[in-house]
**Q** 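Before we start, here is the structure in question, set down as structure tokens.
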2 protein chains.
Amino acid sequence: MGEDKFDTSPEWVDGETKALEAPGDHRAELRLWLRLLTCSTLVESEIRRRLREEFDSTLPRFDLMAQLERAPDGMVLGEVSKRMMVSPGNITVLVERLTESGHLNRTTLPTDRRVQIIALTPFGRAEFEKMAARHADWISDLFAGLSAKEGGVLMDELAKLKRSVIASLARNA
Amino acid sequence: MGEDKFDTSPEWVDGETKALEAPGDHRAELRLWLRLLTCSTLVESEIRRRLREEFDSTLPRFDLMAQLERAPDGMVLGEVSKRMMVSPGNITVLVERLTESGHLNRTTLPTDRRVQIIALTPFGRAEFEKMAARHADWISDLFAGLSAKEGGVLMDELAKLKRSVIASLARNA
DNA sequence: CAAAACAATTTTAAGCTTGAAATTTCTCGG
DNA sequence: CCGAGAAATTTCAAGCTTAAAATTGTTTTG
């Protein structure tokens, strides 16, 4: 453990630690990635479970409605796809179902008939607001063991990670 | 922004901040969750993409083989399912395909014929090792923007989050 | 203006994932 | 030993997800 790049707490483990690493030793990064993945998996499955139990809904549907909530005039399909970081074909299916169930309506832009615009119906908005309130409570409870300060540190470190990942993606593009 | 529970860096934002929050204001937690989810989604989709491109494989298959790698005598299906945090039925499908392709072999425990034991074949192990080496490089590159210290901090904060989540799950069980 | 290029979306084929129901096999109390 | 119940796994139905190909519509250019 002592030879990991990202060793935990003890600050007295100095820079020499690095020199002890075998070339290509990526254990620290792997452990960090695994922990990150575990955290988000735990939270995500709990949210999915509760959305299903309390609202007979799913996370993708919730996410789609969340994107639409702050766009009273609707949003173009492609824009939704980008924001949700999922494939366009995926959006097609989700929108189909949510339109059938009366949560969304879709319009073809008159000036460019390739473009589909979707928006929440009043019913969809009301349903979403119920779910969003409960969702916020669930997250709050799941994160309750973190103090404000700890949460702030986590926010900052995740921001750095995000930058690191985006930089790597750009490098390898 | 200043009223968020998990405000970022400025340490001079004192405890009074909390008093300003409306009851049921969970914005800070939500933003933290969103950022966590963004990070893991970004990393995860990149890993999926590369596994597909370089090895024509998938993340679930890789994860399954990873579980098996340190169990030379094989592992019981149920144990794999628990460790991977996925449903038992899911494992059935994955194992079917990986057995067909020669990466795994499965045995029924003679003393309890309900129990299936799976293990990597030599071929499967060789394939996994190739993938694991590349996987480690990818992660290392994606995380390269974090210093050892920052990585350590992130590890620690994620450990706290994990404890918080597990505690919440236990409370609501 | 026609053809090519481009853009937005949908379709398709394949695989992953889940919860619930079903199946098979064991275990244990009587 | 027998039957109830528990345990391990599989099956099933439904939904999510993706990449790639196809479709439809618009724009640019020779």
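Quick caveat, the model's predicted, so the values are computed rather than measured. Naming: A, B, ... by sequence-line order, numbering from 1 per chain.
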**Q** Taking the basic N atoms (NZ, or NE/NH1/NH2) and the acidic carboxylate oxygens, is any pair closer than 4.0 Å for B:Arg49 and B:Glu46?
**A** yes
**Q** Just checking A:Pro88: base, sugar-phosphate only, or nothing, at a heavy-atom cut-off of under 4.0 Å?
**A** base
**Q** Where is the tightest heavy-atom contact between A:Asn90 and A:Val86, given as atom of each residue plus distance?
**A** ND2-CB, 3.9 Å
**Q** Any donor and acceptor pair, going by atom type alone, linking the side chain of A:Ser57 with main-chain N or O of A:Arg52 inside 3.5 Å?
**A** no
**Q** Using whole Å, what does the distance between atom P of nucleotide D:dT17 and atom CD of B:Glu44 come to?
**A** 11 Å
**Q** Would you indicate which nucleotide in D:dT17, D:dT26, D:dG15 comes nearest to any side-chain atom of A:Thr58?
**A** D:dG15
**Q** Can you name the nearest heavy-atom pair linking A:Leu64 to A:Val80, along with the distance?
**A** CD1-CG1, 3.3 Å
**Q** From CD1 of B:Ile47 over to P of D:dT18, roughly how many Å is that when rounded to an integer?
**A** 16 Å
**Q** Categorize A:Arg48 for me: base, sugar-phosphate, or nothing, with a 4.0 angstrom heavy-atom threshold over every strand shown.
**A** nothing
**Q** In whole Å, I'd like the distance from the CG atom of A:Asp63 to the P atom of D:dC16.
**A** 11 Å
**Q** Heavy-atom nearest nucleotide on DNA chain C for A:Val76 versus A:Arg52: which residue maps closer to 5'?
**A** A:Val76
**Q** Take A:Met84 and A:Arg113, find for each the nucleotide of DNA chain D with the closest heavy atom, and name the residue whose nucleotide sits nearer the 5' end.
**A** A:Met84
**Q** Name the nucleic acid region contacted by B:Arg49, choosing base, sugar-phosphate or nothing; use a 4.0 angstrom heavy-atom cut-off, strictly under.
**A** nothing
**Q** Quick one: does A:Met131's side chain get under 4.5 Å of A:Arg134's, heavy atoms only?
**A** no
**Q** What residues in residues 99-112 of chain B put a non-hydrogen atom under 4.0 Å from any atom of DNA chain C?
**A** B:Asp112
**Q** Under the 3.5 angstrom rule, does the side chain of B:Ser168 hit a backbone N or O of B:Ser164 as a donor-acceptor pair?
**A** no
**Q** What is the 5' to 3' range of DNA chain C, first to last nucleotide, that sits under 4.0 Å from any heavy atom of chain A?
**A** C:dA7 to C:dG19
**Q** Ignoring hydrogens and angles, tell me if any N or O in the side chain of B:Asn105 forms a donor-acceptor pair with the backbone of B:Thr107 under 3.5 Å.
**A** no
**Q** Can any side-chain N or O of B:Arg48 pair as donor or acceptor with the backbone N or O of B:Thr58 at less than 3.5 Å?
**A** no
**Q** Taking the side chain as every heavy atom from C-beta outward, state whether A:Gln116 and A:Thr92 have any atom pair closer than 4.5 Å.
**A** no
**Q** So, is A:Asn90 near the phosphate of D:dC16, with a side-chain N or O under 4.0 Å from OP1 or OP2?
**A** no
**Q** Within the pair A:Arg97 and D:dC16, is there a side-chain N or O less than 4.0 Å away from OP1 or OP2?
**A** yes
**Q** Could you give the CG-to-C1' distance, from B:Leu59 to D:dT18, as a whole number of Å?
**A** 14 Å
**Q** Base, sugar-phosphate or nothing for A:Gly89? Non-hydrogen atoms, less than 4.0 Å.
**A** base
